[in-house]
Amino acid sequence: MPKKTRLTRRDFIKAASGAAAFGPLTIPSALAIANPAEVKDARNRAARHSGSPSLDQFIRVTERAGIHFTLTSGGLEKRYIIEAKGGGGAAWIDYNNDGYPDLFLVNGCDFELSRKGECPLSHLYRNNGDGTFTDVSENSGLNHRGWGMGVAVGDYDNDGYDDLYVTYFGGNVLYHNNGDGTFTDVTEKAGVRGHGWGMGCAFGDLDNDGFLDLYVANYVHLDLHHLPPFGSAMNCTYRGIPTFCGPRGLPGGRDILFRNNRDGTFTDVTESAGIDPNRYNGLGVVMGDYDRDGRLDIYVANDSTPSSLYHNNGDWTFTDVAPQAGVAYSSGGLEQAGMGTDFADYDNDGWGDLIKGNFSDDYNNLYHNNHDGTFTDLAWPAGFAAPSWLFTSFGMKFFDCDNDGWKDIFVANGQVFPQIDRYQTGITYAERSLLFRNLGSEGGKVKFEEIGLRSGPGLALEKVSRGLAVADYDNDGDVELIRTNMNDSPDLLRRERKNPRHSVIVKTLGVKSNRDGIGAEIKVVAGGLTQVDTVRSGGSYLSSSDLRVHFGLGDATRIDLLEVTWPGGHTDVVKDAPADSILTVKEGSGLTGHKPFTHPSRK
């Protein structure tokens with residue numbers, strides 16, 4: 001009988017540094033038989049550093065800010081997959097154009113309420129501009145009742161007001177923003193109801209015609225009247241523990257691509273565009289121009305099937321190049337249970353990179369863009385893989401938490417099997433989130449340090465988290481987060497004290513391009529550092545962050561150069577712009593607005 005191996009701290013260090021003697025493929029067996037106490041300690045050891053506490057002390061301010069909401073998503077036992085994987089979408093949307101991001105939270109349902117047609121409503125919170133919010137759901141027109149999942153924000157008809165697309169089990173909803181604080185359900189008129197189990201979604205102008213198109217990820221085919229019995233088969237157990245039946249035993253749902261007809265309606269072009277012919281299990285969706293050819297591409301994090309990278313061919317066809325690009329599988333060539341994803345340039349080389357969250361007993365991916373149409377998963381050598389191994393990662397977001405000019409990563413975690421708490425596995429149902437600080441480039445390579453347990457009481461909380469979206473909701477130059485939690489209230493997280501470093505927020509207004517400027521590439525040169533980011537909708541897990549783009553500037557008090565390259569190809573150039581401001585750039589007109597940051601009370 002082979003000798004049992006125990007996972008040690010040295011093993012984790014070797015794995016994180018990419019040591020050949022302890023590659024990713026050897027870790028599962030070691031973890032499965034490790035002493036539970038040692039495994040649990042290993043989850044947090046990277047964050048227990050002998051140095052001083054992190055500068056980024058995040059506190060929870062949900063109720064203080066006026067947000068009173070509970071995400072309903074099935075029963076507490078999670079006996080069926082829809083109860084555990086669905087729901088939790090969050091979106092920051094400035095629906096009234098007052099310059100302060102408002103908050104929309106998608107609600108789910110449970111079987112009893114669903115049978116009665118009494119699923120709880122989603123909620124819209126108006127930002128009062130003073131750090132608090134008012135619930136304005138009642139008269140908003142956002143009144144669809146169903147098992148809600150995800151959300152994307154975009155001005156699909158270019159009328160100057162951002163609209164909402166919300167995915168549901170059994171058919172989705174498009175809400176048109178009327179510009180007076182109300183929304184109208186225009187789903188049938190627009191032709192975007194869709195089908196199946198809608199999950200992640202994102203707006204993007206895929207043909208650069210000035211109008212936003214729409215991608216919807218569908219998960220699996222599920223019949224609520226004939227659900228697989230709990231713990232009934234091989235795919236209904238985890239580590240030998242009876243659980244709900246997972247996606248491997250269910251038919252996949254085909255994703256949907258809607259083309260904007262520029263008249264308020266859309267056409268389903270899924271088949272002709274070549275989207276998802278294999279019916280993979282789609283969850284998170286993000287768009288980005290990974291090969292810098294001027295056209296948005298689409299990345300889909302698929303669960304227990306290969307993930308997809310749809311290269312935009314420029315003729316309304318797409319080719320899934322994920323296997324050859326290196327973003328379909330783990331670094332060991334295995335399918336993973338992908339969930340949340342995001343796209344950004346974490347090493348400031350001018351090319352967008354990808355992150356993807358996965359199930360426990362696996363690591364999260366950090367796909368570095370090689371500038372030639374391929375990626376390399378650098379999660380292990382960058383220090384991103386080892387801390388994530390025993391966590392189940394849903395919401396994921398690149399953002400600059402300390403305003404030093406380097407993108408950090410926030411990961412919202414939460415298991416799907418409550419039954420796991422009854423066994424000594426080293427894995428728990430409720431989990432803390434992870435915060436990876438970007439340590440910058442040394443010798444051309446970037447490393448991350450996981451600092452969650454040194455980053456304030458808000459990050460020490462253990463929750464069953466799903467959605468994650470970021471925004472500077474109080475316009476003070478620091479980015480805040482909303483994290484949604486199953487059968488619980490969300491966590492609105494902000495810094496306890498103002499960051500002393502400088503930053504800038506760029507708001508884009510398209511003219512020939514789509515009104516939001518989604519897909520526009522923004523370059524900021526300041527303090528000897530060049531950063532590039534893109535305006536995007538969707539991403540993370542079922543969520544949509546602020547459409548304004550935030551850049552940390554470190555000690556720089558002025559911006560040497562600000563360039564916005566619009567989807568149609570035009571570039572606006574702004575020189576010597578002020579820091580610590582919200583800068584509005586209008587296509588063809590350059591800098592048209594400059595609003596200094598506010599200084600809200602942090603009592």
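Treat the numbers as computed from the prediction; the structure is a model and nothing was measured. Each residue takes its place number in the sequence, starting with 1. Below, each value reflects all heavy atoms present in this structure, side chains not excepted, and no hydrogens, waters or symmetry copies.
With hydrogens and angles left out, the side-chain atoms of Thr184 and Asn178 include a donor and acceptor closer than 3.5 Å. Judged by distance alone, the side chains of Trp351 and Asn370 never bring a donor and an acceptor atom under 3.5 Å apart. Side-chain contact annotation: His550 with Asp478, donor-acceptor N/O pair under 3.5 Å absent. Inspection of the Asn302 and Ser308 side chains reveals an N or O donor paired with an N or O acceptor under 3.5 Å. Side-chain contact of Tyr219 with Asp303: a donor-acceptor pair under 3.5 Å is present, judged by distance alone.
For Val106 against Met149, the heavy-atom pair with the smallest separation is CG1-N, 3.5 Å. Minimum heavy-atom separation, Trp406 to Gly440: CD2-CA, 3.8 Å. Heavy atoms only, all atoms of each residue included: Ser543 and Gly88 are closest at OG-O, 4.2 Å. Gly160 approaches Asp155 most closely through the heavy-atom pair N-OD2, 2.8 Å. For Asp572 against Gly588, the heavy-atom pair with the smallest separation is OD2-N, 2.9 Å.
In this structure, Lys586 has no salt bridge (charged side-chain N to carboxylate O under 4.0 Å, His left out) partners at least two apart in sequence or on a different chain. For the side chain to side chain contact (heavy atoms under 4.5 Å, CB included) test, residues two or more places apart in sequence or in another chain that qualify with Val574 are Leu562, Ala577, Leu591. Residues satisfying the side chain to side chain contact (heavy atoms under 4.5 Å, CB included) test with Glu335, not counting sequence neighbours, are Arg248, Pro306, Tyr329. Scored by the ring-ring contact (aromatic ring centres under 6.0 Å, His included) test, Phe211 finds no partners at all (sequence neighbours excluded).
Contact check on Glu271 versus Arg254 returns a salt bridge, with a Lys/Arg side-chain nitrogen under 4.0 Å from an Asp/Glu carboxylate oxygen. Salt-bridge check for Asp268 with Arg259: failed, with every basic side-chain N at 4.0 Å or more from each acidic carboxylate O. A salt bridge between Glu521 and Arg292 is present, with a side-chain N of the basic residue lying under 4.0 Å from a carboxylate O of the acidic one. Between Asp289 and Arg295 there is no salt bridge, since no side-chain N of the basic residue sits under 4.0 Å from a carboxylate O of the acidic one. One finds no salt bridge joining Lys512 and Glu587 here, because no Lys/Arg side-chain nitrogen approaches an Asp/Glu carboxylate oxygen to under 4.0 Å. For Lys407 and Asp533, the salt-bridge test passes: some basic side-chain N is under 4.0 Å from an acidic carboxylate O.
Below 30°, between 30° and 60°, or above 60°: for Tyr215 and Tyr310 the angle between ring planes is between 30° and 60°, a tilted geometry. Ring geometry for Tyr95 versus Phe183: interplanar angle of 30 to 60°, hence tilted. Between Phe448 and Phe384, the ring planes are tilted. Angles from 30° to 60° get that label. In this structure, His368 and His371 have tilted ring planes: the angle between them lies in the 30° to 60° band.
Ser503 places a side-chain N or O within donor-acceptor distance of the main-chain N or O of Gly477, the cut-off being under 3.5 Å. Checking side-chain atoms of Arg536 against main-chain N and O of Phe343 turns up a donor-acceptor pair under 3.5 Å. A donor-acceptor pair under 3.5 Å is formed between the side chain of Asn348 and the backbone N or O of Gly405. No donor-acceptor pair closer than 3.5 Å links the side chain of Asp207 to the backbone N or O of Gly314. The main-chain N or O of Ile355 is never found under 3.5 Å from a side-chain atom of Asn365 such that the two would form a donor-acceptor pair.
Applying the salt bridge (Lys or Arg N to Asp or Glu O under 4.0 Å) rule to pairs touching residues 539-554 yields Asp546-Arg548, sequence neighbours excluded. For residues 209-219, the salt bridge (Lys or Arg N to Asp or Glu O under 4.0 Å) pairs, not counting sequence neighbours, are Asp209-Arg262.
By the neighbour-count criterion of 12 heavy atoms within 6.0 Å, atom CD of Gln324 is densely surrounded, having more than that number from other residues, nucleotides or ligands.
Shown are Asp404, Val524, Asp400, Asn403; of these, the side-chain contact (heavy atoms from CB on, under 4.5 Å) with Leu553 is made only by Val524.
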Query raised in the report: Between Phe169 and Trp197, is a ring pair (Phe, Tyr, Trp, His ring centres under 6.0 Å) present by the stated rule, with each step listed?
Result: CA-CA 4 Å; Phe169 179 87; Trp197 183 352; 5.7 Å; yes
